[in-house]
There are 4 protein chains.
Amino acid sequence: MRDIQSEHDPRNIPLRKVGVSDVVYPIRVMDRKNGFQNTVSKIKMFVDLPQEFRGTHMSRFVEVLNKHHSNMNIGNLESILEDMKKSLKAHTAHIEVRFTYFILKEAPVSRIESFLNYECAFIASKGKKFDFILEVNTPVHNLCPCSKEISDFGAHNQRGNVKVQVRMKRLVWIEDIVEISESSASAPLFTLLKREDEKFITEKAYSNPKFVEDVVRDVSKVLDKDERITFYTIEATNHESIHNHNAYACTEVNKI
Amino acid sequence: MRDIQSEHDPRNIPLRKVGVSDVVYPIRVMDRKNGFQNTVSKIKMFVDLPQEFRGTHMSRFVEVLNKHHSNMNIGNLESILEDMKKSLKAHTAHIEVRFTYFILKEAPVSRIESFLNYECAFIASKGKKFDFILEVNTPVHNLCPCSKEISDFGAHNQRGNVKVQVRMKRLVWIEDIVEISESSASAPLFTLLKREDEKFITEKAYSNPKFVEDVVRDVSKVLDKDERITFYTIEATNHESIHNHNAYACTEVNKI
Amino acid sequence: MRDIQSEHDPRNIPLRKVGVSDVVYPIRVMDRKNGFQNTVSKIKMFVDLPQEFRGTHMSRFVEVLNKHHSNMNIGNLESILEDMKKSLKAHTAHIEVRFTYFILKEAPVSRIESFLNYECAFIASKGKKFDFILEVNTPVHNLCPCSKEISDFGAHNQRGNVKVQVRMKRLVWIEDIVEISESSASAPLFTLLKREDEKFITEKAYSNPKFVEDVVRDVSKVLDKDERITFYTIEATNHESIHNHNAYACTEVNKI
Amino acid sequence: MRDIQSEHDPRNIPLRKVGVSDVVYPIRVMDRKNGFQNTVSKIKMFVDLPQEFRGTHMSRFVEVLNKHHSNMNIGNLESILEDMKKSLKAHTAHIEVRFTYFILKEAPVSRIESFLNYECAFIASKGKKFDFILEVNTPVHNLCPCSKEISDFGAHNQRGNVKVQVRMKRLVWIEDIVEISESSASAPLFTLLKREDEKFITEKAYSNPKFVEDVVRDVSKVLDKDERITFYTIEATNHESIHNHNAYACTEVNKI
């Protein structure tokens, strides 16, 4: 059978990235407490395409996935990228793996446990050097400082999201980023709260009002001091309870 | 050219609904204040398919849309359905039109104006009789009565949604449903609020705590008394600010 | 602390369903081949609320989930519902668990294996009697019979989805529904296909053209004969490659 | 009332962007044929926040929107950004306006007309200089060259999307980008096709097979020659009809 993809392309246009997206696949990721956890991921895998070839070989991306038995962690992403480069005869390879990560959390007073879901991503590439970005989305509770200050009683508050991306020189756990993000918001979220916990969280948030701007700056202060981290972006979004739109703040710092 | 769709089907299985879905189309809907407004809709159009025919003629649905110049209102939906039945030789016709509807609202203190978006739908069908359901989703602000009661200060609150579907015997405006839903929640939402408005809304919500259960019951009480309305469903959802999941309540009442 | 939820409600309005929605939770479901598989789910849990109570106790829903260690299968859903009724002092309980289910499939010629994802749901309720619906969404490949017939060469084809819901009196596996849906479409989908497989699938689909109407009827014929199944709905949707909208057909049959 | 946002912030951290996101607002955009069209948009508006201020004033963003009467086009975006800078005392301002744009198209043989929807965006910013990016997503029909070549009959094809972003020195219409994208795919899409049109489109696509790589390169060739355009990115995605995932290719060229 003819291999059209390998045929010469006359247009003389190299492509940055070619490959597959929205591959839904079962994966196993590292878990700080339990060694690993099984989850469901949505994956993008791309390589560059030199100008002389007409197309890439889409099936080889999934073959690389299978070869690694769906294990996804900072330790083997580089070899996945190497395999992509080799299998597809490419100079650069990119992978993005988005997944739901669960952490078993204790309620603040009752100590009752429940899982909370964090949407995370590994974004990695390899040309000559290996590059790895960890993304962690932490849902949080934020109470508006302005509303508290100007109102005789109450203060509007809402669910928000803190999205952090980091480059690192030593291992940073998903749990580490979650802890930093939760402690920079008015209060953390829990799936299961008894009445004494709800009282605690309500009062904690009211005592600890935060704009999205505050959340970004408070996460930023901690990441600045963390010597494992060489680069970060922080985006905070509040699903404003008084509006039908969101409040947003972000920053980006490259320490090198 | 052969008309395969019209050929005899030997399987002897009539189909409830066949047609098109996710047709994104510009439409013009009635507006209580301005006569009409232009908006963007996502449309489903279906007819029944008798057992003797192999397929329906998908292009005719869009021809019916065009014939009506994209006007969509309770007054002409019946003739759209009639045209679908005639054009497709069917016994029953169904249409569902989902669209964003804007209302220009005044902030409660500053009286400054801004648009707020309400996701609405017309769901209509005609067999022998014409049936019409109006759906209006009203985003609202709800403050938790339990959190207020048990906490020494503050109370968690959040954005929520009130989804109402009604059958009517006399015209009910989208604006009518929005007003009922907003007045049954802790406070309404606005796109533009100055500081004096934010103070007003914050205090109003704190003085007016509502569970999702309360919202459903309070909307229900008003719809029960409204003689234009013969059937309704109410669903209230709170995007809980202390959880990463939602609180939900619903009811359904057929007055006939 | 006051238990506001348990206080008497004067409005005299019972609610059909109150509870939690969009709870993202790790679960373990039965797998025909491997005993079970771990996956990620989105859960709704509701009970009825008698008119005399002001609100339900949202935390108890998650406590029931935890008590069952996140096991979800037809065998223990009834006891989950019983626990909900008991814990929340309700007459009826409802649960809906949506999850991604993976099946390891062999390519048709090369026999190379890969996982394909199927979005599934368990929808169960218990008042006096236990009711259980299994929903399976099977992505498929459909080629248009009309386009094939009227064109001198080629035929438009596209990805589609077959959504089947069944009530059963004896166990029906997710895999059973997938097999019926795939064999009723022009061709099944695979995550990994080598060139010989792609040739096979292309020719198979061209030899086996199917309207959405055909898919629904062909699934219907099989489900009619399946004595384990007492009720079914079938919805077929094609993401038309010549349009920016979908073609749709559905039916519903209650055998009892 | 205290203006907390304007108070001094001790953390010494400037923020890149602060503002509002997901503002759903009615807008009016320029239309090559009819002067303008009304549509629905989702808007982000951000400014930078110097280190000395604690927060931005979220309401002023919507005030700027209102001042411009919801008109959005390349001609007035710069003055919207200027107003944001002035109103919020910022050095840089950013706006992103995503909207559905409709073009009335004629079917290729029957000449029957229907609207097709194109998801577009204006992405603009102003620090010292004004920067404007037009994004146009064109849904298309692509037929696989490999499948056609290796199969004895038929070829798999599917709906795809071509996303183009351009910077320009003279006006480029949305319609211009749509025409380039459609002519680089196997065939364009239409909402309304009669049987003779379906035959035409089916045969055209079969005669004109395209990988996502081909689409990107063919759009690239045209944009390279277009002297109005100074920068572009092209992303082509195919919703593969033989897989449950997508094929993807992209490139980016800065001509300056």
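Order of the sequence lines fixes the chain letters, A, B, ..., with proteins taken first and strands second; residue numbering starts at 1 for each chain. Just so it is clear, the values below take in all heavy atoms, side chains as well, and ignore hydrogens, waters and symmetry mates.
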Please identify, among Gly154(C), Cys144(C), Ala187(C), the residue contributing the most non-hydrogen atom pairs under 4.5 Å to chain D. Gly154(C)
Crowded around Lys42(C) NZ? As in, over 12 foreign heavy atoms under 6.0 Å?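 Counting other residues, nucleotides and ligands, NZ of Lys42(C) stays at 12 neighbours or fewer.
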Could you please spell out the steps behind the side-chain contact (heavy atoms from CB on, under 4.5 Å) verdict for Thr191(D) and Asn244(C)? CA-CA 7 Å; Thr191(D) 301; Asn244(C) 203 20; 5.6 Å; no
Tabulate, in ascending numerical order, the residues of [range] having at least one heavy atom closer than 4.5 Å to a heavy atom of chain D, or enter 'none'.
| range | value |
| --- | --- |
| residues 19-40 of chain C | none |
| residues 109-117 of chain C | Leu116(C), Asn117(C) |
| residues 157-165 of chain C | Asn157(C), Gln158(C), Arg159(C) |

Heavy-atom pairs under 4.5 Å with chain C - which of His239(D), His243(D), His156(D) has more of them than the others?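 That would be His243(D).
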Testing the basics here: between Ser241(D) and Leu189(C), what is the closest heavy-atom pair and its distance to 0.1 Å? O-CD2, 3.0 Å
Neighbours of chain C found in residues 195-211 of chain D - heavy atoms under 4.5 Å: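 Against chain C, the residues of residues 195-211 of chain D that fall inside the cut-off (heavy atoms, under 4.5 Å) are Arg195(D), Glu198(D), Lys199(D), Ile201(D), Thr202(D), Glu203(D), Tyr206(D), Ser207(D).
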Let me confirm one number: the CZ-NZ distance from Phe153(D) to Lys148(C), rounded to the nearest 0.5 Å. 7.5 Å
Kindly say whether Ile242(C) contributes a backbone atom to a donor-acceptor pair with the side chain of His141(D) at under 3.5 angstrom? no
